[in-house]
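The structure under discussion appears below in the form of structure tokens.
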Number of protein chains: 2
Amino acid sequence: MVSPEPLSDSSNSALVRLRALLDESSFDGEQRLPAERVLAAQIGIGRRALRRALEVLEAEGRIWRHQGKGTFLGPRPARAPTSLDELSKRTHPLEVMDVRLEIEPALARLAAMRATNGDIERLLHLAEKTASSSDADGRELWDSALHRTIAEAAGNSLLLAIFDLVDRIRQDTTWRLLRERARSGNRQQLYVEQHRRVIAAIAQREAHAAEQAMREHLELVRDSLLKVMTSPLPARIDGEIPAKMMSANTKNERHHGT
Amino acid sequence: MVSPEPLSDSSNSALVRLRALLDESSFDGEQRLPAERVLAAQIGIGRRALRRALEVLEAEGRIWRHQGKGTFLGPRPARAPTSLDELSKRTHPLEVMDVRLEIEPALARLAAMRATNGDIERLLHLAEKTASSSDADGRELWDSALHRTIAEAAGNSLLLAIFDLVDRIRQDTTWRLLRERARSGNRQQLYVEQHRRVIAAIAQREAHAAEQAMREHLELVRDSLLKVMTSPLPARIDGEIPAKMMSANTKNERHHGT
DNA sequence: CGCCGAACCAGTTGCATATTGGTTCGGTCT
DNA sequence: AGACCGAACCAATATGCAACTGGTTCGGCG
């Protein structure tokens with residue numbers, strides 16, 4: 001068929017010659033093919049023409065490229081499912097807060113039921129430290145330790161591992177400035193009070209109260225985060241917020257109908 | 001009173017002086033304190049004596065050290081990510097069921113709120129497949145796909161990743177024989193009915209009903225697993241069951257959103 | 001107008017180097 | 001003999017730099 005041909009002759013010949021190279025398996029055993037500059041010189045075409053040909057091949061899925069790494073044969077390797085970087089890149093802060101709202105109240109409840117006296121002692125100690133810490137960095141450090149100690153006290157190693165996973169994503173670089181701005185809001189005193197309430201409930205073995213207190217605390221944290229993110233400041237973390245993911249369990253009454 | 005003193009005078013004085021430094025917050029804002037060689041020179045003691053003092057402080061949890069990094073104030077930060085193998089090795093089946101009981105009802109609730117019509121269509125399709133499947137292997141396959149589709153429909157990629165993590169542990173080799181024995185109990189028909197109920201609730205957007213139905217389903221699964229594990233058969237999965245971890249949320253009614 | 005070479009930008013890798021805590025050794029003083 | 005010290009070494013980490021990579025822009029040229 002004679003379709004309109006946007007590519008020039010030389011580009012086209014480059015594509016043909018590249019396809020021939022790939023088909024002949026001229027790079028036997030070699031997953032990686034030469035750098036663009038080298039390859040262009042070998043074939044005897046310009047780098048620009050070569051790149052257009054490579055674009056086609058990449059769109060076809062026959063090769064894949066990555067800046068700084070090179071060009072490789074075969075389909076793009078699947079992402080490691082639990083690779084922290086990948087996961088944190090494609091995870092939105094509000095998603096993380098939703099997950100924390102699902103997990104940490106449960107952790108607090110379990111901690112209230114199963115914490116040892118030693119756990120409770122450590123929690124009380126941490127609460128003091130958090131309150132007495134003056135600078136923001138120190139507060140965040142002790143706060144993190146506090147939440148994790150509760151997770152430990154829950155006595156479920158898998159749930160603890162999940163907590164760590166979420167926490168690692170939360171502490172990723174992208175969030176740094178976000179948290180700095182979030183904690184500028186002077187809610188620190190309220191946070192301290194909420195922490196105290198959670199710990200008290202755990203110490204008194206009141207599972208439901210611990211769960212509820214933790215949920216209220218995290219809801220406040222999320223609202224604070226939300227406020228920061230929707231603030232008129234032009235510097236947004238990420239342009240797109242998937243519509244599905246929008247936080248939706250502030251008051252999750254039953255949805256009837258529609 | 002003159003208690004036996006294992007430490008020498010100089011070490012002791014080093015410890016006293018170090019404690020003074022930390023209490024006075026001489027390292028305000030600085031999480032990291034000077035290198036051992038420097039610090040020893042500053043205090044005017046030998047490095048060996050300094051190190052003994054640091055050991056005490058580390059045991060007390062006031063500092064933490066790591067080779068090549070340095071010595072830091074505060075509690076030791078969360079440790080490195082746990083690989084799947086490691087995690088799976090020291091995770092007990094009942095722990096996994098407890099985690100599923102925490103996460104999957106929440107997933108069902110979110111799915112009821114945010115599932116697309118396409119999601120629901122797929123769920124209905126899967127329900128048919130699961131019911132019509134005759135052999136046990138096929139049933140398990142469809143069952144797994146069903147649970148994961150619900151997790152997808154929840155629309156939180158991080159929560160989905162966590163679900164996958166748990167699911168991968170659940171499908172680890174150690175569990176194979178356990179599941180074989182568990183499904184020998186003729187509860188399959190009941191499982192199918194429970195699945196149907198969960199899907200119906202999601203399709204009708206009844207978040208609370210979906211959550212509750214999923215919880216009931218998983219509780220039955222866990223009870224079935226528990227029965228198999230405590231059966232008189234000598235082949236136990238793992239010798240030790242930490243007392244803390246014993247399942248303890250059979251009847252904890254939940255209060256979401258107050 | 002299309003193409004080319006060249007330069008520049010940005011992400012990645014590797015290596016040499018410096019610094020850290022961890023350890024061992026011999027000398028020295030009490 | 002035991003406690004201490006300085007020095008050196010070991011191993012893990014951090015850091016900076018050079019050398020690539022693909023991605024992009026620019027001026028020149030036919």
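What you are looking at is a predicted structure, and each value in this text was computed from that prediction instead of being measured.
Using a 4.5 Å cut-off on side-chain heavy atoms (C-beta onward), A:R148 and A:D164 make contact. With contacts defined as side-chain heavy-atom distances shorter than 4.5 Å, the pair A:M214/A:R100 does not qualify. Put simply, the side chain of A:I162 reaches to within 4.5 Å of the side chain of B:V166, judged on heavy atoms. Residues B:E102 and B:V99 are not in side-chain contact: their nearest non-hydrogen atoms beyond the backbone lie 4.5 Å or more apart. Under the 4.5 Å side-chain criterion, counting only non-hydrogen atoms from C-beta, A:L160 is in contact with A:E152.
Between B:E36 atom CD and C:dT23 atom C1' the separation is 11 Å, expressed in whole Å. Atom CZ of B:R48 and atom P of C:dC29 are 18 Å apart (whole Å). Whole-Å rounding puts the B:L50 CG to C:dG22 P distance at 11 Å. In this structure, the CZ atom of B:R52 is 15 Å from the P atom of C:dG22, given to the nearest Å. The distance between atom CZ of B:F72 and atom C1' of D:dA12, rounded to the nearest whole Å, is 13 Å. Rounded to an integer number of Å, the gap from CD of B:Q67 to C1' of D:dA14 is 13 Å. C:dG22 atom P lies 13 Å from atom CG of B:L39, rounded to whole Å. The separation between A:R51 atom CZ and C:dG5 atom P is 15 Å, rounded to whole Å.
At least one side-chain nitrogen or oxygen of B:R65 sits closer than 4.0 Å to the OP1 or OP2 atom of C:dG22. Within the structure, every side-chain polar atom (N or O) of B:H66 is placed at least 4.0 Å from both OP1 and OP2 of D:dA12. Residue B:T71 places at least one side-chain N or O closer than 4.0 Å to OP1 or OP2 of C:dG21.
B:E95 and A:S157 share a side-chain donor-acceptor pair at under 3.5 Å.
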What pairs of nitrogen or oxygen atoms, one from the protein and one from nucleotides 7-9 of chain D, lie under 3.5 Å apart?
{"from": "D:dA8", "atom 1": "N6", "to": "B:R47", "atom 2": "NH1", "distance (Å)": "3.4"}
{"from": "D:dC9", "atom 1": "N4", "to": "B:R37", "atom 2": "NH2", "distance (Å)": "3.3"}

What does the list of N/O pairs under 3.5 Å between the protein and nucleotides 17-20 of chain D look like, with a distance for each?
none

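The one candidate from A:R48, A:R52, A:R51 that meets the salt bridge (Lys or Arg N to Asp or Glu O under 4.0 Å) condition with A:E36 is A:R51.
Closest of all the heavy-atom pairs between A:I202 and A:A115 is CG2-CB, 4.3 Å.
Contacts classified as ring pair (Phe, Tyr, Trp, His ring centres under 6.0 Å) and involving residues 143-169 of chain A (residues at least two apart or in different chains) are given here: A:H147-A:H195, A:H147-A:H217.
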